[in-house]
> 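Have a look at this one.
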Amino acid sequence: MNAQNGNLSFIVLGASGDLARRKVIPALFALYCQNLLPANFQVLGFARTKMTDEAFREMITAHLTCRYTPGEACGERMTEFLARCFYRSGRYDSRESFQALYGTLRELEGPQEACRIFYFAVPPAIFHDIAHALGGAGLVRPAGSQPWTRVVIEKPFGTDRASSDELSQQIKTVFDERQIFRIDHYLGKEVIQNLMALRFANLIFEPIWNRLYVDKVFISWAETIGIEGRAGYFDGIGVIRDVMQNHLLQMLALVAMEQPVSLTKYVRDEKVKVLRSILPVTIEDLVLGQYAAGGGQKGYREEPGVPADSITSTYAMAVLRVRSRRWSGVPFILSAGKALDRNMTEIRIQFKRTAGHVFLDKWPEGLPPNELVIRVQPDESIKFGIMNKVPGLGLNLEHTELNLRYASAFDGLIPEAYESLILDVIRGDPGLFICEDELEASWDVFTPVLHEIDEKRIEPEPYAFGSAGPAGIQKMLSKFPPRW
Ligand code: BG6
């Protein structure tokens, strides 16, 4: 049976939490508004907090948006959608709680057996308990059976290679790899999905997409906010585990991988290959920072729940090296930071300098390099930096940009990452999800240095809240002057 024309139960574990309220359930509503959910579906929330169905509906309403059905129709759509949302409370480690959940599901599903998606919007520490309780209560059907059962899990998948392997083993005692959808929500972002089209649907990039033409690649991620009360999750974890080992490394993989045999099946194989070719990061290739007070905002160590001597990094710059014929010698400079001066995620492919001898009298230090800038957010765009003559008498050159701004080039709404990914789970398309091999290879890049930082208690450099980051950035960048 295909969920699209069948019966689907979407069970959100951790339904009273932030992720469920802000991302998962609004994405389901958005799919509903676009008629992308099956005719019969039910959303069943489960968490420890006691709540009635009505209270649950009230709680989730606040985050449902009318993007796809503006105007009066929206109210109607919301009422219909909410009428299919239910809630049960219980303990995550209790088979009885899940047996009760099973009873509710059977009632809601009616006589036609439903496909089931279990969405784990809970901390990974309890993944194992839940998986076991689900298995014990008979809620999980074996892989390959119809109607199917799938499980969606969210990072962090462990804190290093060993703990990630352990988590994988635990989950695999109940679910088969074919049933597991590991979300990295950056893979659902529109511009990141476009990397495939940009690279493999255009002729002009391929001949220059290599060490002969590319000088360096920057993958940068910046947020203006601090940890916003998430000390319980963030402290001891830090920005490398939070976003670099997953979101940024996935972007790198899509930029650096070879063309897959087909888009439907083999993208992950190519990503695994390139991830395995990355040398483990060393401490010499790393800048670590931690935000201090600035602009009237608290420093990280003053945040509630953060120890006064915490060495958790809120900023990191790492230089990664890919050992391959295509990329040998090209540094991939990844940076990620909270409490910085801007909100921005982008990939910047910087090409080598042109010899440009005829212009050297005007630009004795050399012409600025061409750059392809893929802006993931905000203001999604693809820009290409070129040298151009400034119109007018005389010969003056300027570095200018060809700019494809999504907002002006395309009419349609840009879907939220979660909409796209949840739809793929329903359709059974695992292409944009992280497979076990990718996870292992990603941890191998960072695990040795993460251990070294923890063991030697390496202090991050302070930087002011709202600044451009720690001073060490400039020193690191000066090691990579532009090449010809
Ligand atoms: C999450 C991180 O994975 O991504 C957060 O845990 C971060 O720390 C968030 O703020 C950013 O996501 P987005 O989609 O807002 O860029």
Side-chain angles (χ1 to χ4, degrees), residues 14 17-24 26-27 30 63 65 67 119-125 152-159 164 181-195 219-252 254 289-291 297 300 303 305-306 310 312-316 334-347 374-381 406 413-422 432-434 438-439 442-443 446 450 465-466 469:
D18 240 32
L19 175 66
R21 274 187 290 167
R22 287 178 191 276
K23 300 287 185 190
V24 180
H63 295 282
T65 73
R67 281 177 6 116
Y119 198 109
F120 282 34
V122 291
V152 185
I153 55 177
E154 283 267 351
K155 72 163 194 65
F157 309 115
T159 53
S164 164
F181 289 71
R182 295 180 194 84
I183 277 205
D184 180 318
H185 77 280
Y186 268 59
L187 292 180
K189 292 197 186 254
E190 187 60 42
V191 176
I192 295 182
Q193 291 196 49
N194 183 45
L195 282 169
I219 301 180
S220 316
W221 181 95
E223 262 185 1
T224 51
I225 52 173
I227 54 160
E228 306 234 292
R230 292 205 305 160
Y233 157 71
F234 195 85
D235 195 64
I237 292 287
V239 75
I240 296 181
R241 293 182 175 98
D242 185 35
V243 297
M244 199 176 261
Q245 175 270 347
N246 35 70
H247 305 329
L248 273 74
L249 211 46
Q250 282 295 321
M251 287 189 250
L252 184 157
L254 291 168
Q290 186 187 70
Y291 64 86
Q297 302 281 350
Y300 178 73
E303 297 273 10
V306 173
S310 170
T312 299
S313 300
T314 58
Y315 176 92
L334 273 49
S335 66
K338 290 190 174 273
L340 293 179
D341 56 358
R342 71 190 78 175
N343 271 319
M344 185 271 292
T345 302
E346 73 178 21
I347 301 166
I374 300 158
R375 171 62 71 95
V376 176
Q377 61 189 28
D379 195 15
E380 294 85 344
S381 57
Y406 277 40
L413 287 173
I414 297 184
E416 279 285 319
Y418 278 89
E419 292 168 29
S420 167
L421 294 172
I422 290 175
L432 293 181
F433 295 82
I434 312 295
E438 271 176 278
L439 192 58
S442 307
W443 276 122
F446 287 105
L450 285 167
F465 198 113

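As the structure lists them, so they are numbered: ligands from 1, and atoms in each ligand from 1. Below, all heavy atoms of this structure are taken into account, side chains as well, without hydrogens, waters or symmetry copies. Since we're looking at a predicted model, the values are computed, not measured.
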> State which residues pass salt bridge (Lys or Arg N to Asp or Glu O under 4.0 Å) with Lys23; sequence neighbours excluded, sorted by chain then number.
none
> Counting only pairs under 3.5 Å, give me each side-chain donor-acceptor contact of residues 336-344, with atom names and distances, residues two or more places apart or in other chains.
from, atom 1, to, atom 2, distance (Å)
Lys338, NZ, Glu223, OE1, 2.9
Asn343, OD1, Thr224, N, 3.1
Asn343, ND2, Thr224, OG1, 3.2

> Please confirm whether the backbone N or O of Ile183 pairs with a side-chain atom of Lys155, one donor and one acceptor, at under 3.5 Å?
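Checked: no pair found.
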> Tell me which protein heavy atom sits closest to atom 5 (C) of ligand 1, plus the residue, atom name and distance to 0.1 Å.
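Going atom by atom, the protein heavy atom closest to atom 5 (C) of ligand 1 ends up being Arg230 NH2, 3.2 Å.
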> Below 4.0 angstrom from a heavy atom of Gln377, which ligand 1 atoms are there? Numbered from 1 as shown, please.
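Contacts of ligand 1 toward Gln377, numbered from 1: 16 (O).
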> Can you tell me which residue and heavy atom of the protein come closest to atom 12 (O) of ligand 1, and the distance to 0.1 Å?
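For atom 12 (O) of ligand 1, the nearest protein heavy atom is His185 NE2, 3.2 Å.
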> Which ligand 1 atoms are under 4.0 Å away from a heavy-atom of Lys189?
13 (P), 14 (O), 16 (O)
> Do me a favour and list the nearest non-hydrogen protein atom to atom 11 (C) of ligand 1 with residue, atom name and distance?
Glu223 OE2, 3.6 Å
> Is atom 14 (O) of ligand 1 near the protein, in the sense that some protein heavy atom lies at less than 4.0 Å from it?
yes
> Would you call the rings of Tyr418 and Tyr119 parallel, tilted or perpendicular, where under 30° means parallel and over 60° means perpendicular?
tilted
> Applying the side-chain contact (heavy atoms from CB on, under 4.5 Å) criterion to Ile240, which one of Leu450, Leu334, Thr312 satisfies it?
Leu450
> For atom 1 (C) of ligand 1, what is the nearest protein heavy atom, given as residue, atom name and distance?
His247 NE2, 3.7 Å
> Can a donor-acceptor pair be found between the side chains of Tyr186 and Asn246 at a distance below 3.5 Å?
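The answer is no; no qualifying pair exists.
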> Judged by atom type as modelled, is there a donor-acceptor pair below 3.5 Å linking the side chain of Gln193 to the main-chain atoms of Gly188?
yes
> Which one of Val239, Ile227, Asp242, Ile237 has a non-hydrogen atom at the shortest distance from atom 2 (C) of ligand 1?
Asp242
> Hey, is ligand 1 close enough to Trp221 that some N/O pair sits below 3.5 Å?
no
> Below a 4.0 angstrom heavy-atom separation, can you tell me which part of Tyr186, side chain or backbone, both or neither, approaches ligand 1?
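Side chain only; the backbone of Tyr186 stays clear of ligand 1.
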